[in-house]
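No experiment lies behind these values; they were computed from the predicted model shown. Proteins get letters first, then strands, A, B, ... in listed order; numbering begins at 1 in each.
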Amino acid sequence: MLELEGVAHRFGRLGPLDLRVAEGETLAVLGPSGAGKTTLLRLLLGLLAPDRGVVRFRGEDVRALEPAALRRRIGYVVQGGGLFPHLTAGQNVTLVARWLRWPEQRIARRLDELLHLARLPEVALQQYPAQLSGGQAQRVGLLRALMLDPEVLLLDEPLGALDPVTRFDLQGDLRTAFEQLRKTVVLVTHDLGEAAFFAHRIALLHEGRIAQEGTFEELARAPADPYVARFIHAQRAPLERLR
Amino acid sequence: MILALLAVVQIGSKAFTESVIVAEMAAQLARSAGVETVHRRELGGSRILWEALLRREIDSYPEYTGTLAQELLPGRGDLRERVAAKGVVMSRSLGFSDSYAIGMQRRTAERLGIRTLEDLARHPEVRLGFSNEFMDRKDGWPALRAAYRLPQRNVRGLEHDVAVRALAGGAIDATDLYTTDAEIAAYDLVALEDVRRFFPDYEAVLLWRNDLPADAAAALRRLEGRISAREMIEMNARVKLRREPEAVVAADFLASALGVRGAARIEGRARRIAARTVEHLELVALSLAAAMIVAVPLGIAAARRPRAGQLLLGVVGLVQTIPSLALLVFMIPLLGIGARPAIAALFLYSLLPIVRNTAAGLSGIPPEIRDSAEALGLPRLARLRLIELPIASPSILAGIQTAAVIDVGTATLGALIGAGGYGQPILTGIRLADLGLILEGAVPAAVLALLAQALFELLGRAVVPRGLRL
């Protein structure tokens with residue numbers, strides 16, 4: 001579905017690296033800040049062009065695709081939701097659909113489905129981003145990304161800025177949503193637990209390269225190098241100390 | 001409004017009392033002969049009036065032969081023919097000469113024993129203050145200093161009427177006077193004798209374009225030889241010392257000397273303020289509208305290409321550093337006098353705040369918002385219209401508001417180049433030392449600035465999306 005082949009970006013300090021995401025798969029790109037996770041997402045969206053290598057979407061070089069059209073096939077959610085402050089939550093979600101002149105009926109139907117999926121109260125749609133809680137804003141950001149029913153969903157630290165309780169609730173809801181949607185998902189996070197919770201497969205990024213790729217169990221059982229071992233240990237140890 | 005003026009004869013005057021009175025007489029005479037005439041008052045100095053005449057922006061104005069011969073058309077040969085070569089007719093002398101003279105308070109002159117300009121050369125401690133025009137004219141201070149080897153170095157440039165008042169008040173010891181100045185008698189001044197005959201004759205004449213309708217030209221010629229120096233001094237005194245309107249003084253003279261009646265146009269204060277308000281609003285509104293049309297796209301471009309944007313901001317910033325008076329005068333060779341050059345200058349001044357605030361508003365949008373917008377698959381123009389400009393709108397609006405307030409204030413200077421507006425009563429008020437007249441311009445200008453401020457606050461509520469005001 002998504003494929004990076006020998007991709008490098010100098011200023012994003014990424015690569016060269018190879019990565020494949022299969023259709024319907026949830027891949028977590030894991031790594032500390034500065035590892036190049038966000039650069040990777042921006043390359044997939046075509047917001048950045050690689051200095052070297054090829055990015056493919058369903059086998060096609062993304063440079064050959066019309067950028068705006070490509071992006072409408074991909075949903076993108078940033079940390080905090082990235083909501084447009086001058087529009088209500090509802091307007092944020094339906095902005096592109098209206099720009100594409102979807103009929104009102106179709107918009108309403110789609111909104112209904114999404115509200116249900118994201119467990120967002122309908123009144124929240126009348127609110128401006130400044131009036132929403134962090135968790136609500138994140139949910140609205142997700143709805144906005146899903147409005148056009150994209151083939152792929154990219155999430156950049158979707159739970160990063162939330163308090164633990166909200167985070168816990170949203171984690172559960174997100175996983176349910178992913179399971180129902182059966183979409184291809186790439187999730188960027190620095191949190192091992194989150195990666196393990198959501199993803200079928202984890203790619204651990206270190207200084208712009210993929211240090212290891214595999215399931216959580218594979219990474220934990222047989223770390224490919226000392227960095228992977230340390231990264232996993234550092235995140236598991238605090239919990240184990242409590243026991 | 002500008003178009004409406006084209007159909008009628010326009011008589012200009014320089015920014016001093018005598019010129020305004022004579023031009024008012026000319027205008028009333030032409031009107032009494034059935035020629036639709038307007039008097040464009042106090043357009044500026046000799047150079048501005050002369051250029052305006054050559055450019056057909058005015059049809060006639062009062063001038064002095066000495067100014068023509070020395071300053072405007074230096075050269076040899078008969079002055080009347082030299083003027084005619086420019087397509088301009090010069091009347092015969094109106095009957096009086098208004099020479100330059102250097103004047104002092106009688107007390108000071110007698111105490112120092114100064115009677116002539118040669119005596120002045122022996123008193124380097126004498127403080128000189130000259131009208132700005134006299135400071136720069138070829139036949140002015142530099143030539144006078146050379147002719148009499150004057151040693152004074154502490155020389156200040158002032159507005160003419162301010163200089164005379166400064167002299168009377170003792171702030172300066174000597175200034176350039178016109179020999180018909182009413183203040184000579186009123187303040188007990190003496191004119192120092194020009195023993196070397198440095199100052200040429202300044203016979204008062206009327207100039208008009210040679211294509212002026214014959215009935216109008218005939219009307220203007222009726223002033224030839226009719227005004228004596230004594231009468232002119234008396235009229236200057238009535239206006240400057242007794243605060244009578246120029247139009248009334250001119251009308252009285254025409255009635256007694258020529259038997260012409262009733263063509264004075266005296267506006268009440270309310271009508272006058274209303275007319276000035278219309279002129280002022282026209283200057284501000286047109287310049288601001290043009291600046292918005294140009295500056296917002298420039299600001300968008302500057303935000304998109306930060307490096308070129310820096311250069312652009314540097315250039316419009318540079319314009320801002322040009323003193324407003326200088327910028328106005330730079331516009332005259334390009335656009336003549338009146339509202340157009342003033343609007344152009346105000347337009348240039350308005351660019352910086354709008355360009356800067358547009359660029360700042362757009363580049364201030366957080367990167368995650370920008371990325372989200374781009375990732376949604378909206379094309380560039382749609383992003384600009386639906387997301388970026390609305391989010392930047394408070395900043396853009398603040399820039400326009402700043403420009404509007406600057407414009408309202410700076411537009412008062414437009415009166416210096418014949419653009420009218422609230423600057424006109426201020427200018428006249430300075431000339432006549434009439435505080436009421438100064439306030440008649442200054443108060444409405446301040447009120448208008450506050451109104452502009454308030455208007456944009458209201459506009460902000462209407463234009464800035466509600467979500468940004470939470």
Side-chain angles (χ1 to χ4, degrees), chain A residues 38-39 41-42 44-48 65-100 126-132 137 140-142 144-148 150 152-157 160-161, chain B residues 292 296 299-300 303-307 354 357-401 456-470:
Chain A
T38 299
T39 305
L41 290 190
R42 290 166 58 90
L44 289 173
L45 275 163
L47 295 178
L48 282 178
L65 300 170
E66 205 269 302
L70 168 70
R71 288 171 198 150
R72 290 200 288 271
R73 296 167 68 185
I74 304 177
Y76 180 53
V77 189
V78 300
Q79 184 173 338
L83 300 183
F84 307 133
H86 63 297
L87 301 177
T88 62
Q91 288 168 333
N92 261 280
V93 174
T94 57
L95 178 71
V96 183
R98 285 184 203 285
W99 184 78
L100 291 169
Q126 311 305 322
Q127 312 247 279
Y128 284 95
Q131 300 166 315
L132 297 173
V140 173
L142 182 70
R144 188 175 67 185
L146 288 172
M147 182 71 194
L148 299 191
V152 178
L153 194 56
L154 307 182
L155 300 108
D156 193 350
E157 300 277 9
Chain B
M292 279 160 59
V296 171
I300 293 169
R304 188 149 283 162
R305 298 175 182 279
R307 200 168 297 175
I354 305 179
N357 276 37
T358 304
L362 289 173
S363 11
I365 297 175
E368 71 270 15
I369 300 270
R370 218 176 313 200
D371 268 6
S372 294
E374 202 173 347
L376 279 178
L378 288 172
R380 179 173 282 196
L381 274 179
R383 287 200 309 269
L384 193 63
R385 181 170 61 85
L386 297 171
I387 296 165
E388 293 169 8
L389 285 179
I391 294 179
S393 63
S395 176
I396 298 173
L397 205 66
I400 297 172
Q401 181 177 28
F456 278 94
E457 301 289 342
L458 281 178
L459 210 62
R461 288 197 202 146
V463 172
V464 172
R466 210 173 81 81
L468 297 180
R469 288 182 273 119
L470 293 171

K.L.:
Closest heavy-atom contact between A:G81 and B:S372?
P.N.:
O-OG, 4.4 Å
K.L.:
Do you know which of B:R466, B:R469, B:R380 has the most heavy-atom pairs under 4.5 Å to chain A?
P.N.:
B:R466
K.L.:
With a 4.5 Å cut-off on heavy-atom pairs, point out which of A:G46, A:P85, A:P67 contacts chain B the most.
P.N.:
A:P85
K.L.:
Is any residue of residues 68-77 of chain A within less than 4.5 Å of chain B by heavy atoms, and which ones?
P.N.:
A:A68, A:R71, A:R72, A:I74, A:Y76
K.L.:
I'd like to know which of A:V96, A:L100, A:L148 tops the heavy-atom pair count under 4.5 Å against chain B.
P.N.:
A:V96
K.L.:
Which heavy atom of A:W99 sits nearest a heavy atom of B:L386, and at what distance?
P.N.:
CD1-CD1, 3.8 Å
K.L.:
List the residues meeting side chain to side chain contact (heavy atoms under 4.5 Å, CB included) with B:E388, not counting sequence neighbours, and say none if there are none.
P.N.:
B:R304, B:L362, B:I365, B:R370, B:R383, B:L384
K.L.:
Kindly indicate whether the side chain of B:P390, heavy atoms from C-beta on, has any atom under 4.5 Å from the side chain of A:F84.
P.N.:
no
K.L.:
Return the set of residues passing side chain to side chain contact (heavy atoms under 4.5 Å, CB included) with B:R305 (not counting sequence neighbours), or none when no residue passes.
P.N.:
B:A308
K.L.:
Could you tell me which residues satisfy side-chain hydrogen bond (donor to acceptor under 3.5 Å, both in side chains) with B:Q401, sequence neighbours excluded, listed by chain and number?
P.N.:
B:E457
K.L.:
How many angstroms lie between atom CG of A:D156 and atom CG of B:D371, to the nearest 0.5 angstrom?
P.N.:
9.0 Å
K.L.:
Taking the side chain from A:H86 and the backbone from B:S393, do they hold a donor-acceptor pair closer than 3.5 Å?
P.N.:
no
K.L.:
Counting heavy-atom pairs under 4.5 Å with chain B, which one of A:L45, A:L47, A:V78 comes out on top?
P.N.:
A:L47
K.L.:
Is A:L83 close to chain B through its backbone or its side chain, or both, or neither, when contacts mean heavy atoms under 4.5 Å?
P.N.:
backbone
